[in-house]
Amino acid sequence: MLLYFANNTCALAAHITLFEVDADFEAQRVDFAAQEQRSDRYLAVNPKGRVPSLVTDAGVLTETPAILAYIAQTHPEHDLALIGDPFSFARVQSFNSYLCSTVHVAHAHKHRGHRWTDDPQAQAALTRHVPSTMAACFD
């Protein structure tokens, strides 16, 4: 397997999990500062231009919850996600999805306000609001 990751991103979850299960994989850093995520070479792997991406024998997986579920299912001896119990596995998926769809987005406003607005004052307002949105997520 080949894991594409970037420093200081949520790809760390997949990277750690692959190490935890002693998976046979290589890691390939995508340099965001050099805009490698927008290169034709990387977009051929993941047209979304995001990390993580996991290249497997069956194809490419993207999105952290999907990659974590795949690792858990291909390494069942580690019992990472209670895959033998459908309800428990769904609860793990629910938690991972919440982290990605809500917590990650709330935190992204701090450094990536440009994704939502090109107005510098609005970006500053998004950044100022992050402590309260993050607190609400964890409440």
Side-chain angles (χ1 to χ4, degrees):
M1 290 184 288
L2 175 60
L3 174 69
Y4 287 91
F5 74 98
N7 292 342
N8 302 313
T9 68
C10 61
L12 183 60
H15 209 161
I16 290 170
T17 305
L18 287 165
F19 273 114
E20 285 292 318
V21 300
D22 198 28
D24 182 20
F25 79 101
E26 293 179 41
Q28 175 67 49
R29 183 174 164 265
V30 177
D31 185 350
F32 279 18
Q35 299 292 309
E36 285 182 2
Q37 75 275 23
R38 295 194 173 118
S39 70
D40 290 340
R41 184 183 66 79
Y42 186 67
L43 291 173
V45 174
N46 184 350
K48 298 174 213 168
R50 305 268 194 246
V51 294
S53 296
L54 183 65
V55 179
T56 73
D57 289 339
V60 178
L61 293 171
T62 64
E63 307 303 325
T64 297
I67 292 170
L68 294 177
Y70 176 80
I71 296 167
Q73 291 174 333
T74 56
H75 297 82
E77 67 278 10
H78 293 277
D79 201 25
L80 293 177
L82 307 167
I83 59 175
D85 177 349
F87 183 78
S88 294
F89 182 70
R91 289 193 66 192
V92 170
Q93 292 301 90
S94 176
F95 179 73
N96 285 340
S97 294
Y98 179 71
L99 290 176
C100 292
S101 66
T102 303
V103 177
H104 187 258
V105 173
H107 186 266
H109 286 82
K110 182 174 182 180
H111 299 290
R112 297 185 191 110
H114 64 283
R115 287 184 178 174
W116 293 275
T117 180
D118 59 0
D119 178 348
Q121 290 180 322
Q123 290 174 11
L126 288 170
T127 298
R128 282 192 308 274
H129 198 57
V130 167
S132 63
T133 58
M134 289 300 293
C137 288
F138 291 118
D139 281 346

Discussion item. Using the rule given for side chain to side chain contact (heavy atoms under 4.5 Å, CB included), can you reason through L68 versus V92, listing the C-alpha separation, both sets of side-chain angles and the distance that settles it, and then say yes or no?
Written reply: CA-CA 10 Å; L68 294 177; V92 170; over 6 Å; no
Worksheet entry | Listed partners of Q35 passing side chain to side chain donor-acceptor pair (under 3.5 Å), at least two apart |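 For Q35 the side chain to side chain donor-acceptor pair (under 3.5 Å) partners, ignoring immediate neighbours, are R38.
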Item to complete: Starting from V130, walk the hydrophobic network (Ile, Leu, Val, Met, Phe, Trp, Tyr; side-chain heavy atoms closer than 4.5 Å) and list everyone else you reach, by chain and number.
Response: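 Noted: V130 shares its cluster with F95, Y98, L99, V103, M134, F138.
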Worksheet entry | Cluster companions of L12 among Ile, Leu, Val, Met, Phe, Trp, Tyr (side-chain spacing under 4.5 Å) |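 I16, listed by chain and number.
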According to a 4.5 Å side-chain heavy-atom criterion applied to Ile, Leu, Val, Met, Phe, Trp and Tyr, with indirect links allowed, do [X] and [Y] form part of one hydrophobic cluster?
X: I67; Y: L18; value: yes
X: V51; Y: L43; value: no
X: F25; Y: V60; value: no

Taking only residues at least two apart or on different chains, which pairs with a member in [range] satisfy side-chain hydrogen bond (donor to acceptor under 3.5 Å, both in side chains)?
range: residues 127-139; result: H129-S132
range: residues 81-92; result: D85-S88
range: residues 46-63; result: Y42-S53, N46-S53, K48-T62, K48-E63

Fill in: Derivation and outcome, side chain to side chain contact (heavy atoms under 4.5 Å, CB included), residues Y4 and V55
CA-CA 8 Å; Y4 287 91; V55 179; 3.8 Å; yes
Discussion item. Listing request: all ring pair (Phe, Tyr, Trp, His ring centres under 6.0 Å) pairs with a residue in residues 46-84, at least two apart in sequence or in separate chains.
Written reply: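 Counting only pairs at least two positions apart or across chains, no ring pair (Phe, Tyr, Trp, His ring centres under 6.0 Å) contact touches residues 46-84.
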Discussion item. So, using salt bridge (Lys or Arg N to Asp or Glu O under 4.0 Å) as the criterion, who are the partners of E36 when residues are at least two apart?
Written reply: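 Applying salt bridge (Lys or Arg N to Asp or Glu O under 4.0 Å) to E36 gives none.
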Item to complete: Just jot down the salt bridge (Lys or Arg N to Asp or Glu O under 4.0 Å) partners of R29, sequence neighbours excluded, or say none.
Response: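 Expected list: D31.
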Would you name the heavy atoms of [X] and [Y] that are closest together and state the gap between them?
X: P76; Y: I83; answer: CB-CD1, 3.9 Å
X: T102; Y: C137; answer: CG2-SG, 3.8 Å
X: A6; Y: A11; answer: N-CB, 4.3 Å

Can you list, pair by pair, the side-chain donor-acceptor contacts under 3.5 Å of residues 111-126, counting residues two or more places apart and other chains?
unit_1: T117; atom_1: OG1; unit_2: D119; atom_2: N; d: 3.1
unit_1: D119; atom_1: OD1; unit_2: Q121; atom_2: N; d: 2.9
unit_1: Q123; atom_1: NE2; unit_2: T117; atom_2: O; d: 2.7

Worksheet item: About how many Å separate OG1 of T17 and CG of L80, when rounded to the nearest 0.5 Å?
Response: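 The CG atom of L80 sits 6.5 Å away from the OG1 atom of T17.
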Worksheet item: Do L2 and V45 touch side chain to side chain, with heavy atoms closer than 4.5 Å?
Response: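 No - every pair of side-chain heavy atoms lies 4.5 Å or more apart.
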Discussion item. Restricting to ring-ring contact (aromatic ring centres under 6.0 Å, His included), what partner residues turn up for F32, sequence neighbours left out?
Written reply: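 Once residues adjacent in sequence are excluded, F32 has no partner under the ring-ring contact (aromatic ring centres under 6.0 Å, His included) criterion.
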Practice prompt. Using the salt bridge (Lys or Arg N to Asp or Glu O under 4.0 Å) rule, collect all pairs that involve residues 5-15, keeping only residues at least two apart or in two chains.
Written response: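 For residues 5-15, and leaving out neighbouring residues, there are no salt bridge (Lys or Arg N to Asp or Glu O under 4.0 Å) pairs at all.
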